[in-house]
Amino acid sequence: MLGVHPDATLDEIKSAYRQLALRFHPDRNPVNKTAEEEFKRVSEAYQVLSDPEKRKLYDLYGPDGLNGFEVGGFGGFEDIFRSFGDIFEDFFGFGGRRGRAERSHTGADVRTTVTLTLEEVLTGVDKEITVERRILCSRCRGEGVEPGTKIQTCNACGGRGQVSQRRGMLRVFTTCSLCRGAGSVVPHPCEACG
């Protein structure tokens with residue numbers, strides 16, 4: 001997919017990925033669905049080749065060596081940008097190199113419908129709208145746990161969010177089923193907000 005030699009360095013892989021990602025980026029090809037699919041495939045290839053463990057398995061066993069790994073399956077371009085933050089930060093100016101502890105969770109989009117007449121569109125208008133939004137729970141102050149209790153490190157994965165299993169000579173990492181990749185669990189959820 002990236003057109004690099006099997007013994008390509010990480011810098012060569014990044015360079016090839018940058019060129020192809022720019023070429024197939026959806027903003028440059030807004031009506032071309034094929035370009036969007038190519039962009040996803042190129043991103044998945046980079047995800048495998050830039051990770052030394054995944055690359056080694058791919059080199060030894062081909063695509064079957066990656067069974068059990070989460071490769072691709074992006075929910076949207078935000079997921080792709082999060083996965084490849086270092087690359088996108090380099091040439092789009094966003095992304096980031098934050099660890100899990102620093103990573104913030106984005107909230108849901110707020111949407112509302114505003115009806116305008118043609119005259120209002122042409123001349124402009126100010127309209128007041130009311131939008132419902134969530135506020136911090138007064139009982140737990142947004143922590144999500146019952147007062148007096150704490151969020152605990154997940155015992156199943158030790159806070160890593162992933163568990164490993166040995167399959168023959170391979171070690172396969174999967175998302176922890178207990179904490180669902182968060183690395184922590186809430187033993188006593190807040191009774192007021194859940």
Side-chain angles (χ1 to χ4, degrees), residues 21 25-27 30 36 39-40 43-44 46-48 50-51 53-54 66 68-165 171-194:
H25 194 274
D27 289 345
E36 183 177 326
F39 181 79
K40 288 179 183 179
S43 298
E44 290 172 7
Y46 175 74
Q47 184 183 13
V48 171
S50 64
D51 181 305
E53 188 174 348
K54 291 178 186 175
L66 300 172
F69 279 99
E70 288 185 24
V71 178
F74 299 111
F77 291 107
E78 295 82 15
D79 291 345
I80 293 172
F81 295 148
R82 252 183 244 115
S83 296
F84 307 112
D86 60 334
I87 293 293
F88 287 108
E89 185 178 57
D90 288 346
F91 67 91
F92 288 131
F94 62 93
R97 295 181 174 120
R98 296 182 292 178
R100 179 184 329 189
E102 299 174 34
R103 194 176 299 148
S104 64
H105 296 283
T106 58
D109 291 340
V110 177
R111 295 181 182 197
T112 189
T113 302
V114 178
T115 305
L116 302 172
T117 66
L118 183 57
E119 182 181 339
E120 290 172 334
V121 171
L122 294 173
T123 61
V125 65
D126 288 330
K127 290 201 174 203
E128 190 172 309
I129 60 170
T130 304
V131 179
E132 289 186 18
R133 64 183 179 94
R134 295 178 180 229
I135 59 171
L136 284 180
C137 173
S138 59
R139 181 175 177 91
C140 70
R141 299 178 195 232
E143 293 295 318
V145 296
E146 266 299 298
T149 64
K150 294 183 178 183
I151 295 173
Q152 296 177 352
T153 300
C154 178
N155 290 331
C157 67
R160 291 181 302 276
Q162 293 183 333
V163 291
S164 66
Q165 301 170 348
R171 183 182 231 176
V172 179
F173 291 87
T174 57
T175 301
C176 176
S177 60
L178 183 63
C179 69
R180 295 188 175 114
S184 58
V185 292
V186 178
H188 305 288
C190 174
E191 292 179 6
C193 67

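This structure is a prediction, so every number in the text was calculated from the model and none was measured.
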For [X], side-chain contact (heavy atoms from CB on, under 4.5 Å) partners two or more places apart:
{"X": "I129", "value": "T112, V114, V131"}
{"X": "N155", "value": "none"}
{"X": "V145", "value": "E143, T149, I151, V186"}
{"X": "C140", "value": "C137, C190, C193"}

Worksheet item: CD/Q47 to NZ/K40 distance, rounded to the nearest 0.5 angstrom?
Response: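 The distance works out to 13.5 Å.
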
Practice prompt. Under the side-chain hydrogen bond (donor to acceptor under 3.5 Å, both in side chains) rule, collect the residues that match up with E191, sequence neighbours excluded.
Written response: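 By the side-chain hydrogen bond (donor to acceptor under 3.5 Å, both in side chains) rule, E191 matches no residue at all.
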
Discussion item. R139: which residues meet the side-chain hydrogen bond (donor to acceptor under 3.5 Å, both in side chains) condition with it, sequence neighbours left out?
Written reply: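 R139 satisfies side-chain hydrogen bond (donor to acceptor under 3.5 Å, both in side chains) with E146 only.
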
List the atom of [X], the atom of [Y], and the distance in Å for their closest heavy-atom pair.
{"X": "Q162", "Y": "C157", "result": "O-CB, 3.4 Å"}
{"X": "A156", "Y": "L178", "result": "CB-CD2, 4.0 Å"}
{"X": "G161", "Y": "C179", "result": "CA-SG, 4.2 Å"}

Distance-only check: which donor-acceptor pairs under 3.5 Å involve side-chain atoms of residues 116-124, not counting sequence neighbours?
from	atom 1	to	atom 2	distance (Å)
T117	OG1	E120	N	3.1
E120	OE1	T117	N	2.9
T123	OG1	E119	O	2.8

Fill in: Pairwise side-chain contact, R160 with F173, heavy-atom cut-off 4.5 Å (strictly under)
no

